[in-house]
Amino acid sequence: MAVAIILLLVAIASVVFHLFSPWWWTPLASNWGYIDDTITLTFWITGAVFVAVVAFMAYCVFRFRHKEGRRADYNPENKRLEWWLSVGTAIGVAAMLAPGLVVWHQFVTVPAGATEVEVMGQQWQWSYRLPGKDGRLGTTDARLISADNPMGLNPDDPNGKDDIVVQNDDLHLAIGKPVKVLLRSIDVLHDFYVPEFRAKMDMIPGSVTYYWFMPTRTGTFEVLCAELCGAAHAQMRSKVVVEEEKEYHAWLEKQRTFAELSGQRNVAKAAYKTGSE
Amino acid sequence: MVDVPYDTIAGVPPAEVAEVELYHPKSWWTRYVFSQDAKVIAVQYSITAMAIGMVALVLSWLMRLQLGFPGTFSFIDANQYLQFITMHGMIMVIYLLTALFLGGFGNYLIPLMVGARDMVFPYVNMLSYWVYLLAVLVLVSTFFVPGGPTGAGWTLYPPQAILSGTPGQDWGIILMLASLILFIIGFTMGGLNYVVTVLQARTRGMTLMRMPLTVWGIFTATVMALLAFPALFVASVMLLLDRLLGTSFFMPTLVEMGELTKYGGGSPILFQHLFWFFGHPEVYIVALPAFGIISDLISTHARKNIFGYRMMVWAIVAIGALSFVVWAHHMYVSGMNPYFGFFFATTTLIIAIPTAIKVYNWVLTLWRGDIHLTIPMLFALAFIITFVNGGLTGLFLGNVVVDVPLSDTMFVVAHFHMVMGIAPIMAVFGGIYHWYPKVTGRMLNEALGRFHFWVTFLGAYAVFFPMHYLGLLGMPRRYHDIGETAFIPASAHDLNAFMSVAALIVGFAQLVFIFNLIWSLFKGKEAGGNPWGAASLEWQTPETPPGHGNWGKELPIVYRWAYDYSVPGAARDFVPQNEPPAKLSPQGAHP
Ligand code: HEM
Ligand SMILES: [Cu+2]
Ligand SMILES: [Cu+2]
């Protein structure tokens, strides 16, 4: 008796916890509401199965627990029942998988108008790069990385000259504009993770990965690293600021291009050299 | 009625069995230490696995202390936290669960359950244990080498595993890989034994479809392990070469702390494929033996045949086969070609069907049973709850797009602890309470056992159920300290503290269990040969504990499946597998 009640209480407590938990996903700030919907659907289906299985068990324990003189049934198989249960399960599984795959298809299909933004991870900080007026990002190579060129841009690539480089600062994005985030790392695996956007993807040294999303809410959102990257993994933070188009452009105006940055550094260096001689 | 294989075998010849050539121990030394008796090897495996498991348990306390009360314990910093999770995860999955299920339960139960005298290659079997022990010692040594154990996470992903930003880059990672290589060698020696014994050494009448599901589970898991571990083996060797000789299997051109390294041209993703080609089957390597054990516990203690035996066997085999085509569900956000997601999400969710069938058949076995709420039965019930819970959250993570926000968060940690941590541990405990009387001849103490059960089950559930919601909130895994993070409310820290206290209590209960194991060895109630009234063969040995060679002069002959409980018309509520059919059974409904 007690055992049956405790089993049932475990199921009930789980449901109550679910319904009243103050810990729930962060308010959405991107177009990926479909992902949240799929999670909700999955919670419903799996929750029902969980409660049904545990309740059935609890009932059996209550009803068929050993008493003097009880004898169990002898009942090796029941093809029909097993068949029905399998079909039912298959339907439940399909009900979760089908919408999941539809949404995944959207997730991997980048809309044509998306602007590219590059995020580069390194132990243990984030850098960002936005295409300049030409709308194109220049090529990069880890071998070109130096104090002057921390993101390893190719100085001979004309497309890269006007790229906007954001180091040790927040990334800004305009609301309502789809972005394709190009992800790159120069040392180990990292993962650009903003909980409010729901999307994430690992960054791998030696290749460029991506995902896309569209910011739908202005505000400042915290960036975390979601792939273990060594000692300071937990401190690898940054911020993304989503703002209205006008403010975004004002911010963009203030940023430096690669040409400016490297030119300036060269000038500074040269001045230092002559000064010391 | 249905044609399950409990039919009579016509004309089993009289049991004239020549004495099999076994190495009989000549001294204390070869009897208890360098023993070739699978039962002794099983105990050696089990004790070693549980000893190293205690290390992993203590590490989990330290991690929980840090997570629950960040900043309070000055002796745990970020590096140590990473070293703790790595060692904890690796020990729990490989050195505890794999070793215990296959080396421990497998060695003890396979020969007894199929009616063999011993494993077919006793000498290799002995070597298997000693190589395993060596692997464990190498692993433990990493705590004492300069730089300490590796903190690369149990997945050991390169490049970070072998670069200087990760603790244990000096010796820790090298010894970890060496230890894994040793483990695999040792396992292979044992594994070949288990497979060949099941295929070749079954006693007369023990057809494959009469084997207890425990044997099916361990057998299938072993076959899988023999196919999956080589992937880990080559990955370990290649990573070791990258680390020691500067090859670049997994290393692209990269910068280490601002300096360009000599590496170039390798692929970090390749390692992940190799790792998970092993890693996913590994989940089932610890799950299938648990499935088998739970089936047998439920059937025995509910005094009812397992429901749908044939379906259960096929489900085990189907899960084993399918689990080799789902590995990349661990890599949805790894940066591999995203179109793989369609394939792997589909295969992953298909596995849910045979898995669900198993669950249905367990609970349907309870239906109209005669349920004895013994401790093994309680653990079996707890197994079902935790396994169903963890299996269902697997449907979240397997469904590729749902995995995107949840991967690498505490949701994942909660999920895999439920499904491959707590659930298999419940099966281990249930199995130990069930078979301890056969191994030692004494029962484990009942009161201590009940205390151990309730605290462990409810406590572990209290640790890991709420943890899902921290993951949903977005709390990443492998963070020693979430720190000031805008979207994490203060209440999440309170929840963490609660989970830590619960984890410490659960940990304490394990000490009670260890005490019970030792105390009952001397003071436990005498068990007799078959205290649970079980039908399977291991309970029918002439001696308890069984002697060397298991069966005395004659091997048993098997006439029926292992689940003849509460057979209509039979005098007792169980019919041992080796009991000849009554000459004239009334209606022929049952032999
Ligand atoms: C009461 C028992 C246990 C407690 C309190 C516990 C606690 C923890 C904690 C706190 C972590 C680190 C989470 C993070 O920051 O990412 C962890 C990781 C892990 N645990 Fe456990 N654990 C327990 C039992 C087990 C068992 C039985 C297994 C067996 C499968 C297991 C396997 C793992 C694995 C594989 C990891 C991942 C390590 C990594 O991220 O590299 N744990 N555990
Ligand atoms: Cu990182
Ligand atoms: Cu998997």
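We name chains A, B, ... by the order of the sequence lines, and we start the count at 1 in each one. We use all heavy atoms of the structure for the numbers below, so side chains are in, but hydrogens, waters and symmetry mates are not.
Counting only heavy atoms from C-beta outward, the side chains of B:Phe396 and A:Thr46 approach each other to under 4.5 Å. Side-chain contact check for B:Val400 versus A:Phe107: every heavy-atom pair is 4.5 Å or farther apart. For the pair B:Asp370 and A:Phe64, the minimum side-chain heavy-atom distance is 4.5 Å or more. No side-chain heavy atom of A:Asn75 sits less than 4.5 Å from a side-chain heavy atom of B:Arg368. Between A:Ile6 and B:Leu458 there is a side-chain heavy-atom pair separated by less than 4.5 Å. Inter-residue side-chain proximity for A:Glu77 and B:Met311 is flagged as unmet; no heavy-atom pair is nearer than 4.5 Å. A:Cys60 has its side chain within reach of B:Ile371: a pair of non-hydrogen atoms, C-beta onward, lies under 4.5 Å apart. B:Tyr309 is not listed as a side-chain neighbour of A:Pro76, based on a closest heavy-atom distance of 4.5 Å or more.
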Using a 3.5 Å cut-off and no angle test, enumerate the donor-acceptor pairs between side-chain atoms of residues 222-235 of chain A and protein atoms at least two apart in sequence or in another chain.
| residue | atom | partner | partner atom | Å |
| --- | --- | --- | --- | --- |
| A:Glu222 | OE1 | B:Ala486 | N | 3.0 |
| A:Glu222 | OE2 | A:Arg237 | NH1 | 3.0 |
| A:His233 | ND1 | A:Glu227 | O | 3.4 |

Output, in order, the C-alpha distance, side-chain angles, deciding distance and verdict of side-chain contact (heavy atoms from CB on, under 4.5 Å) for B:Ile384 and A:Met57. CA-CA 9 Å; B:Ile384 298 179; A:Met57 263 171 64; 3.5 Å; yes
When you look at B:Val359 and A:Val53, which way does the side-chain contact (heavy atoms from CB on, under 4.5 Å) test go after all the steps? CA-CA 8 Å; B:Val359 173; A:Val53 170; 4.1 Å; yes
Residue pair B:Thr346, A:Leu101: steps toward the side-chain contact (heavy atoms from CB on, under 4.5 Å) verdict: CA-CA 9 Å; B:Thr346 308; A:Leu101 292 185; 3.9 Å; yes
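In this structure, the portion of B:Phe465 lying under 4.5 Å from any heavy atom of chain A is its side chain and not its backbone. Of the two parts of A:Val54, only the side chain, counted from C-beta on, holds a non-hydrogen atom closer than 4.5 Å to a non-hydrogen atom of chain B. The parts of B:Ala570 that come within reach of chain A are both its backbone and its side chain, each placing non-hydrogen atoms under 4.5 angstrom from that chain. The contact between B:Pro338 and chain A is made by backbone and side chain atoms together, counting heavy-atom distances below 4.5 Å. Of the two parts of B:Ala161, neither the backbone nor the side chain holds a non-hydrogen atom closer than 4.5 Å to a non-hydrogen atom of chain A. Interface remark: B:Ile482 contributes backbone and side-chain atoms alike to the contact with chain A (heavy atom separation under 4.5 Å). Only the side chain of A:Ile145 comes within less than 4.5 Å of a heavy atom of chain B; its backbone N, CA, C and O stay farther away. For B:Pro476, the part lying under 4.5 angstrom from a heavy atom of chain A is the side chain only. For B:Gln80, no part sits under 4.5 Å from any heavy atom of chain A, backbone or side chain. Contact of B:Trp362 with chain A is not made at all, since no heavy-atom distance falls under 4.5 Å. For chain B, no part of A:Gln122 is nearby; none of its heavy atoms comes within less than 4.5 Å. Contact of B:Pro354 with chain A is not made at all, since no heavy-atom distance falls under 4.5 Å. With a threshold of 4.5 angstrom between heavy atoms, A:Tyr211 does not approach chain B through any atom at all. Looking at B:Ile385, the atoms closer than 4.5 Å to chain A (heavy atoms on both sides) sit in the backbone and in the side chain alike. Using a 4.5 Å cut-off between heavy atoms, A:Thr42 contacts chain B through both its backbone and its side chain. If you measure heavy-atom distances from A:Asp36 to chain B, you find no contacts under 4.5 Å at all. Looking at B:Asp77, neither its backbone nor its side chain comes within 4.5 Å of chain A, counting heavy atoms on both sides. Only the backbone of B:Ala302 comes within contact range of chain A, with at least one heavy atom under 4.5 Å from a heavy atom of that chain. Contact annotation for A:Trp32: neither backbone nor side-chain heavy atoms come within less than 4.5 Å of a heavy atom of chain B. For B:Ile357, the part sitting under 4.5 Å from any heavy atom of chain A is the side chain, from C-beta outward, and nothing else. If you measure heavy-atom distances from A:Tyr210 to chain B, the contacts under 4.5 Å come from the side chain alone. Heavy atoms closer than 4.5 Å to chain A are found in the side chain of B:Leu260, but not in its backbone.
Rounded to the nearest 0.5 angstrom, B:Arg310 CZ and A:Lys79 NZ are separated by 4.5 Å. Atom-to-atom distance recorded for B:Leu366:CG and A:Tyr59:OH is 13.0 Å, nearest 0.5 angstrom. Between the CG atom in A:Leu81 and the CH2 atom in B:Trp367 there is a gap of 11.0 Å [rounded to 0.5 Å]. We find the CD1-CG distance between B:Ile269 and A:Asp202 to be 7.0 Å, quoted to the nearest 0.5 Å. A:Ser14 contributes atom OG, which lies 6.5 Å from atom CG of B:Asn389 (distance to the nearest 0.5 angstrom). The CZ atom of A:Phe17 sits 10.5 Å away from atom NE2 of B:His468, with the distance rounded to the nearest 0.5 Å.
For the residue pair A:Ser86/B:Tyr360, the side-chain donor-acceptor check at 3.5 Å is not satisfied.
The most heavy-atom pairs under 4.5 Å with chain B, out of A:Trp25, A:Tyr34, A:Phe197, A:Trp24, come from A:Trp24.
Classification of the A:Phe50-B:Tyr461 ring pair by plane angle, with boundaries at 30° and 60°, yields parallel. Between A:Phe43 and B:Tyr469, the ring planes lie parallel to each other; the angle is under 30°, not in the 30° to 60° tilted range. The aromatic rings of A:Trp104 and B:Tyr332 lie tilted to each other, with the angle between the two planes from 30° to 60°.
Annotation for B:Lys304 and A:Asp73: closest pair CG-O, 3.5 Å, computed over non-hydrogen atoms. When all heavy atoms of A:Tyr193 and B:Gly474 are compared, the closest pair comes out as OH-CA, 3.2 Å. Taking each heavy atom of A:Ile35 and B:Pro405 in turn, the nearest pair found is CG2-CG, 3.6 Å. Considering all non-hydrogen atoms of both residues, B:Gly165 and A:Trp124 come closest at O-CZ2, 3.6 Å. Shortest non-hydrogen contact noted between A:Phe56 and B:Leu364 is CZ-CD2, 4.1 Å. Here the closest non-hydrogen pair linking B:Pro252 and A:Pro205 is CG-O, 3.2 Å.
A distance-only check finds a donor-acceptor pair linking the side chain of B:Asn399 to the backbone of A:Met96 [under 3.5 Å]. At least one donor-acceptor pair under 3.5 Å links the side chain of A:Arg71 to the backbone N or O of B:Val567. Between the side chain of A:Lys200 and the main chain of B:Ser407, a donor-acceptor pair closer than 3.5 Å is present.
Of the candidates A:Val188, A:Asp187, A:Leu189, B:Gln160 forms a side-chain contact (heavy atoms from CB on, under 4.5 Å) with just one, namely A:Val188.
When the salt bridge (charged side-chain N to carboxylate O under 4.0 Å, His left out) test is applied to A:Arg217, no partner is found at least two apart in sequence or on another chain.
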